[in-house]
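Residue indices begin at 1 and follow the sequence shown. Remember, predicted model here, so these are calculated numbers, not experimental data. For ligands, and for the atoms within them, numbers begin at 1 and follow the listed sequence.
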Amino acid sequence: MDATSALPWFHTTTIYQIYPRSFYDSNGDGIGDIQGIIQKLDYIQSMGYQTIWCSPFYKGPQADFGYDIADYESIDPCYGTMHDAEHLIAEVHKRGMKIVFDMVMNHTSNQNPWFIESASSRDNPKADWYLWRDKPNNWQSMTGGSGWHYCKARNQYYWASFLPFQPDLNYRNPEVKKAMLDVVRFWLDKGVDGYRLDIFNVLYKDSEFRNNPFKMKAAPSSDDPSGFFQNPQYTMNLPESMDFARELRSVCDKYGDRMLLGEVTGNRQTIRKFTGETKNDGLGLVFDFEMLPFKFQAGYFHSLIANLEKDFPDPFMPVYVFSNHDRTRSMKRLGNDVRKAKVLHLMQLTVRGVPCMYQGEEIGMTDGHIAYKNGLDPIALKYRHVPRFIFDLMGETLNRDEVRTPMQWNDSANAGFSAAPKTWLPVNTDFARVNVDIESRDDNSLLQLVKLVLNLRKDWPVLSNGSLELIEKNKLPKGVLAYKRKQGKQELLVLLNFTGKNSNIALGSDWRTICSIHKTDGCTGKNVTLGPFGGMILAK
Ligand code: GLC
């Protein structure tokens, strides 16, 4: 079926994730800030991204660098002021782009006045704003270990899904729901185009606090959040959280089309439920984290695309994401091979779905190496006594500092990120070779390819609106992935070579080249030759 052209903007857009602390430091204190983002908006616009998502810069102790909020309606001084935030929204809109903020609805900081009041006694007005129990049950937090923490003033325990300083709000209390929906409206009134929703799938917990069942699984994985030897049946993906997705959507719909992009974990059928059953009346989009630990193989992506087409058919839309501020960068998973990164991102930007790229991914930034014991990240510190080779073997890092090193703008001091003598995290040592400046001047760089394809999306709406048809594997040489995008009269064919060898493909009819990774990737009417890790977009 041809997809319709009446898709909401958030189903056809492209997203660039900014981690403000590490993007650009405008005032020389070693920490990125909102003015820094404003100064670099032209760069983002020139690449062709349409939407930016900013990780949080609200007021908070920064114990989890923004994901611990003490006041949702003000800006932390280390990032700027309310005026800066308003200016940012205006400057993004001036460029015809959209901006979504990060909204952490599940938990606040333990320094939030709501929590301080709630924790002060058993009978204060906010006593029931968080989850309090006389005795812990068996629930494990998402980061491992019991999520129940003792509070002396109440002689009770409070629940925290993530880290102890991030107590969970109680959404069964209507006052809490109202307070958070007011926060949502506060920023919508200021003009934000929507939200990325932090760990949205744990918002509701079992009202009876039943113990989670045992499951023989030590660590959570991208497609199955079970871990720490339990199935999080009563702490995650409750139907009430899915209902709340619809409620939140209806609040936001009053403002016109607004993006709601959920961070949800679970298998694909489960995460789909957050977007709606038959209509897309829940969250507009959800991340699909199953693809974060991807395998660089044509067969892997053939199955991935087939499954996403099955589980997110029109009127739903999948999100393709390979990096973020929490997980190993895609470049590291690719063995720092820029040839592979070009194939990966040519695919990401041409499949049917919303591509979401993380700052620095467009230039091939890779993970830094920072010992867990030196980590600022509270997760790294929690696991500092565990030998890191265990996680290295799994291809993951538990020190998120490594994926948050400053953006590499040029080859000057601190990679042009900051004029401070010391930046909050060290700059990756490869910055003289991997930076925006150098890649902007190199026609063969990853950055130029990303830019080319992002801009092609404007001339070829079929890339964002069209249907997708996978070419069967038996019609292609081994290691080649191919699919067609169709809408109305537009028809494109994308061919990607996941191998280091030449590949010849007979097309059966005439096609012309729209773009190719290498000059040597060629199409002569009915025949295509793809060089090693080559890729092309062809038009009928
Ligand atoms: C999400 C964020 C992560 C944060 C956590 C707790 O997973 O992406 O950075 O630490 O939630 O808010």
All side-chain hydrogen bond (donor to acceptor under 3.5 Å, both in side chains) counterparts of Trp409, not counting sequence neighbours: none
Just need the protein heavy atom nearest to [atom], so name the residue and atom and give the distance.
atom: atom 6 (C) of ligand 1; answer: Phe162 CD2, 3.5 Å
atom: atom 9 (O) of ligand 1; answer: Asp326 OD1, 2.7 Å
atom: atom 10 (O) of ligand 1; answer: Asp64 OD2, 2.5 Å
atom: atom 11 (O) of ligand 1; answer: Asp198 OD1, 2.9 Å

Which of the ligand 1 atoms, numbered from 1, are nearer than 4.0 Å to a heavy atom of [X]:
X: His325; result: 2 (C), 3 (C), 8 (O), 9 (O)
X: Arg404; result: 9 (O)
X: Arg400; result: 3 (C), 4 (C), 9 (O), 10 (O)

Side chain, backbone, both or neither: the part of Arg196 lying under 4.0 Å from ligand 1 by heavy atom: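 Arg196 to ligand 1: side-chain contact only, backbone stays beyond 4.0 Å.
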Side chain, backbone, both or neither: Met142 near ligand 1, heavy atoms under 4.0 Å: neither
Flag if over 12 foreign heavy atoms under 6.0 Å of NZ, Lys59: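 Incorrect, the count does not exceed 12.
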Ring pair (Phe, Tyr, Trp, His ring centres under 6.0 Å) involving Phe57 - partner list, sequence neighbours excluded: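 Counting only residues at least two positions away or on another chain, Phe57 forms a ring pair (Phe, Tyr, Trp, His ring centres under 6.0 Å) with Phe101.
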Aromatic ring proximity Trp187/Tyr72, centre distance under 6.0 Å: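 Ring-ring flag for Trp187/Tyr72: false, centres at least 6.0 Å apart.
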Residue among Phe322, Tyr320, Phe289 satisfying ring-ring contact (aromatic ring centres under 6.0 Å, His included) with Phe294: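 Exactly one pass, corresponding to Phe322.
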Flag for Thr270-Asn267: side-chain donor and acceptor within less than 3.5 Å: yes
Whether Phe274 and Phe200 hold their rings parallel, tilted or perpendicular, with breakpoints at 30° and 60°: perpendicular
Heavy-atom nearest neighbour of atom 7 (O) of ligand 1 within options Gln166, Glu263, Arg327, His107: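 The nearest heavy atom belongs to Glu263.
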